[in-house]
Amino acid sequence: MLTMDDIVRDGHPSLRTVAEPVQMPASDESHEILQEMLQYVINSQNPEIAKKYGLRPGIGLAAPQINVSKRMIAVHVHDDRDKLYSYGIFNPKIVSHSVERSYLKSGEGCLSVDEPFPGYVPRYARVTVTGTTLEGKEIRLRLKGLPAIVFQHEIDHLNGIMFYDHINKQNPFAEIENATVIE
Ligand SMILES: O=C(O)C[C@@H](Cc1ccccc1)[C@H](O)SCc1ccccc1
Ligand code: NI
């Protein structure tokens, strides 16, 4: 199983590299890695398992974070109506997005960043994401709220972008125009 020892930290070249598309159908190796990534995210949200193995809780994980430069992400997150979005996705792509933005009032963190980077991280309020699931199904997801935020955070990792790249350097808590706050 994956643990924090498998997650590379800020400064590792993998986090600043554009990841390669996964040739479909995915190889057994890629399938196994993506399954392990999703299992990490699920395990990290189980208090007993997280404590036993020292896992930092997460709602998403991208392959470059375990030094695999492939376009694969895992997400396990509930929206504000408690609907669960639990996916391992090959080649996720944002195919459309709102003009309106949103951001987490608490800011963002990252399993690959050990210190806090305070500040608002502007994201698109709504995104449409396509990709291929672990089960080999082509999906098209229309997302808003926290699911939209986590998918954008993880897809950023595939493009070598870190959440703090989006924070206003002059004033990290500057109001973001045309944006809704997610509490
Ligand atoms: O490092 C990662 O990619 C996993 C992040 C993803 C993430 C961070 C901030 C906002 C959305 C997604 C971890 O999930 S950070 C821990 C966390 C846990 C619950 C809610 C938000 C962040
Ligand atoms: Ni991250």
Side-chain angles (χ1 to χ4, degrees), residues 1-19 33-34 36-47 49-51 53-90 92 94 97 101-127 129 131 141 143-167 172-173 176 179-183:
M1 68 177 273
L2 290 177
T3 69
M4 290 302 291
D5 293 342
D6 300 297
I7 295 178
V8 299
R9 305 303 154 86
D10 212 358
H12 190 289
S14 171
L15 296 173
R16 289 301 188 181
T17 303
V18 176
I33 291 169
L34 187 52
E36 279 198 286
M37 289 168 54
L38 182 55
Q39 196 56 54
Y40 173 91
V41 183
I42 294 168
N43 287 344
S44 77
Q45 295 178 26
N46 177 313
I49 299 175
K51 184 166 185 234
Y53 295 101
L55 309 181
R56 245 186 85 186
I59 52 176
L61 187 67
Q65 292 181 275
I66 56 168
N67 197 19
V68 172
S69 199
K70 290 184 178 179
R71 302 188 79 82
M72 311 193 295
I73 66 170
V75 173
H76 190 79
V77 65
H78 291 86
D79 69 8
D80 57 1
R81 296 183 174 178
D82 217 24
K83 178 184 177 189
L84 176 62
Y85 293 78
S86 185
Y87 292 96
I89 302 181
F90 297 107
I94 295 172
H97 60 77
R101 301 223 183 245
S102 68
Y103 60 95
L104 291 181
K105 188 174 184 184
S106 59
E108 295 189 11
C110 181
L111 296 175
S112 295
V113 179
D114 293 329
E115 69 282 350
F117 269 88
Y120 295 144
V121 180
R123 300 282 186 192
Y124 299 121
R126 292 174 301 283
V127 289
V129 173
L141 298 173
L143 305 164
K144 63 182 186 320
L146 185 56
I149 300 275
V150 62
F151 270 81
Q152 291 174 77
H153 180 114
E154 302 313 332
I155 291 170
D156 266 358
H157 275 305
L158 305 183
N159 296 319
I161 298 167
M162 301 295 282
F163 74 93
Y164 54 77
D165 296 342
H166 298 288
I167 296 175
F173 293 98
I176 295 165
T180 50
V181 187
I182 298 175
E183 305 277 344

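Indexing begins at 1, ligand by ligand and atom by atom, following the structure's order. Residue numbers count from 1 along this sequence. Below, all heavy atoms of this structure are taken into account, side chains as well, without hydrogens, waters or symmetry copies.
Within H157, NE2 is the N, O or S atom that lies nearest to the Ni ion (ligand 2).
Distances between N or O atoms of S112 and those of ligand 1 include no value under 3.5 Å. Residue I59 places at least one N or O, backbone or side chain, under 3.5 Å from an N or O of ligand 1. At a 3.5 angstrom cut-off on N or O pairs, E108 does not count as close to ligand 1.
Nearest approach of G88 to L34, heavy atoms of both residues: C-CD2, 3.5 Å. Shortest non-hydrogen contact noted between Y120 and F173 is CE1-O, 3.4 Å.
The protein atom (non-hydrogen) at minimum distance from atom 4 (C) of ligand 1 is G60 O, 3.1 Å. The protein atom (non-hydrogen) at minimum distance from atom 17 (C) of ligand 1 is P57 O, 4.2 Å. The closest protein non-hydrogen atom to atom 1 (O) of ligand 1 is L111 N, 2.7 Å.
Near E154, with a cut-off below 4.0 Å to any heavy atom, the atoms of ligand 1 are 2 (C), 3 (O), 4 (C), 6 (C). The atoms of ligand 1 that sit less than 4.0 Å from any heavy atom of G109 are 8 (C), 9 (C). For ligand 1, the atoms closer than 4.0 angstrom to any heavy atom of C110 are 1 (O). Counting atoms of ligand 1 from 1 in the listed order, those under 4.0 Å from a heavy atom of G58 are 13 (C), 14 (O).
Put simply, NE2 on H76 and CE on M37 are 14.5 Å apart, with the number rounded to the nearest 0.5 Å.
Using a 4.0 Å cut-off between heavy atoms, L104 contacts ligand 1 through its side chain alone, with no backbone atom that close.
Here the side chains of R123 and L104 are not in contact, with every heavy-atom distance at 4.5 Å or above. Between I66 and E36, the closest side-chain pair of non-hydrogen atoms is not below 4.5 Å. Using a 4.5 Å heavy-atom threshold, the side chains of Q39 and M1 count as separate. A heavy-atom distance below 4.5 Å is not found between the side chains of D156 and D165.
Each of T3, L2, I7 was checked for a side-chain contact (heavy atoms from CB on, under 4.5 Å) with D5, and the lone residue meeting it is T3.
The shortest heavy-atom distance from R56 to ligand 1 is not under 4.0 Å. Ligand 1 is never approached by A62 to a heavy-atom distance shorter than 4.0 Å.
D10 and Y164 share a side-chain donor-acceptor pair at under 3.5 Å.
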